[in-house]
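Shown next, in structure tokens, is the structure this report addresses.
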Protein chains: 2
Amino acid sequence: MLNYSEIDSILRALVEPTRRQILERLSRGPATVSQLAEPFGMTFAAVLQHLQVLEACGLIRSEKIGRVRTCRIEPGGLAPLADWIAERRIPAERQLDRLGQILADTDQSPPKVQDQEKDEQT
Amino acid sequence: MLNYSEIDSILRALVEPTRRQILERLSRGPATVSQLAEPFGMTFAAVLQHLQVLEACGLIRSEKIGRVRTCRIEPGGLAPLADWIAERRIPAERQLDRLGQILADTDQSPPKVQDQEKDEQT
DNA sequence: GCAATACTCAAGTCAATGCTTAACTATTCC
DNA sequence: GGAATAGTTAAGCATTGACTTGAGTATTGC
């Protein structure tokens with residue numbers, strides 16, 4: 001419940017395709033708000049709202065000089081999500097080995113699963 | 001643009017806190033639908049819908065034996081998202097090194113240096 | 001066979017969120 | 001100074017998605 005909020009805000013930011021495209025665009029170099037708004041067929045205000053979401057969760061950073069706001073990727077921004085995934089992949093992988101014994105021990109739990117566990121990895 | 005849909009479905013699944021909790025629960029061992037529904041203060045049907053979302057994007061797997069459906073983690077399920085993050089972290093980190101020079105070159109104005117990274121394709 | 005159990009499906013409700021429009025502020029150029 | 005530029009904010013609409021209710025199906029136990 002405590003550190004969920006950081007993961008939560010990052011996931012909420014990334015789940016929107018437009019925001020992922022903005023990230024891709026910024027990965028190739030910093031850009032102003034109007035430069036970002038142009039290729040996406042949407043208004044200034046909409047892009048601005050996306051940028052605010054991205055900045056609020058630490059995925060980008062922006063700086064206003066004069067009347068121009070320049071946005072760029074925040075390098076460590078994806079680290080919390082990467083960590084979260086890493087933490088959950090190890091137990092899940094370990095789970096695979098234990099599965100047979102867990103199911104063999106408890107008899108009131110899922111009844112007798114055939115352990116043909118053909119792991120198809122990606 | 002094409003393989004976005006897999007990432008998209010995984011992110012949409014993970015963005016819902018309840019579904020992340022279901023994943024946590026399943027990380028500690030397989031469970032039936034009713035076992036999953038009990039701790040969360042919600043109906044059977046709601047949990048079932050979450051499970052369908054999780055299964056549709058490959059994060060869990062389920063199997064029905066008799067009248068009982070048993071769910072478990074799909075070990076490689078988070079791999080596509082982990083790969084997606086890894087692909088985007090490397091360019092972002094490389095960005096960091098250039099940042100200083102970019103800002104040093106341009107005195108105050110928005111940088112216009114997006115043209116030296118044309119060959120970076122992910 | 002019949003009742004209880006475990007799950008499934010189909011609407012329907014409600015809140016959250018993306019996007020628009022429109023008015024507004026701050027900065028630059030003439 | 002005044003117009004054009006670049007961005008900001010607020011309000012409102014429309015879609016999406018989570019959750020509920022209620023009815024329905026298949027399996028198990030007696």
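As a basis for the values below, the full set of heavy atoms in this structure was taken, side chains included, without hydrogen atoms, waters or symmetry mates. Chain identifiers are assigned alphabetically (A, B, ...) following the order of the sequence lines, protein sequences preceding nucleic acid strands; residue numbering begins at 1 within each chain.
Rounded to whole Å, the distance from CD on B/Glu63 to C1' on C/dC7 is 15 Å. Rounded to whole angstrom, the span from the CG atom of B/Leu51 across to the P atom of C/dA6 amounts to 16 Å. Atom CD of B/Glu38 and atom C1' of C/dA6 are 14 Å apart (whole Å). Going from atom CD of A/Glu16 over to atom P of C/dG18 covers 5 Å, rounded to whole Å. Regarding A/Leu14, its CG atom lies at a distance of 15 Å from the P atom of C/dT17, rounded to whole Å. Whole-Å rounding puts the B/Phe44 CZ to C/dT8 C1' distance at 10 Å.
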N/O contacts under 3.5 Å, protein versus nucleotides 20-28 of chain C?
from, atom 1, to, atom 2, distance (Å)
C/dT20, OP2, A/Thr43, N, 3.1
C/dT20, OP2, A/Thr43, OG1, 3.0
C/dT20, O4, A/Gln49, NE2, 3.2
C/dT27, O2, A/Arg67, NH1, 3.2

Return all side-chain donor-acceptor pairs below 3.5 angstrom for residues 42-53 of chain B, not counting sequence neighbours, or 'none' if the list is empty.
from, atom 1, to, atom 2, distance (Å)
B/Thr43, OG1, B/Ala46, N, 3.3
B/His50, ND1, B/Arg19, NH1, 3.1

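With hydrogens and angles ignored, the 3.5 Å screen pairs a side-chain donor or acceptor of A/Arg25 with a backbone N or O of A/Gln35.
Shortest non-hydrogen contact noted between A/Leu26 and A/Cys71 is CD2-O, 3.5 Å. Of all the heavy atoms in A/Ile10 and A/Gly77, the pair that sits closest is CD1-O, 3.8 Å.
Atom CD1 of B/Ile7 and atom CG of B/Asp83 lie 7.5 Å apart (nearest 0.5 Å). Here B/Leu11 contributes atom CG and A/Leu81 contributes atom CG; the two are 7.5 Å apart, rounded to the nearest 0.5 Å.
Taking the side chain as every heavy atom from C-beta outward, B/Leu23 and A/Arg88 never approach each other to under 4.5 Å. Side-chain contact between A/Ile22 and A/Ile60 is absent, with no heavy-atom pair separated by less than 4.5 Å.
One finds no side-chain N or O of A/His50 lying less than 4.0 angstrom from the OP1 or OP2 phosphate oxygen of C/dT17.
Where DNA chain D meets chain B (any atom under 4.0 Å from a heavy atom), the bounding nucleotides read 5' to 3' are D/dG17 to D/dT28.
Map A/Arg12 and B/Val33 each onto its nearest nucleotide of DNA chain C; the residue landing nearer the 5' end is B/Val33.
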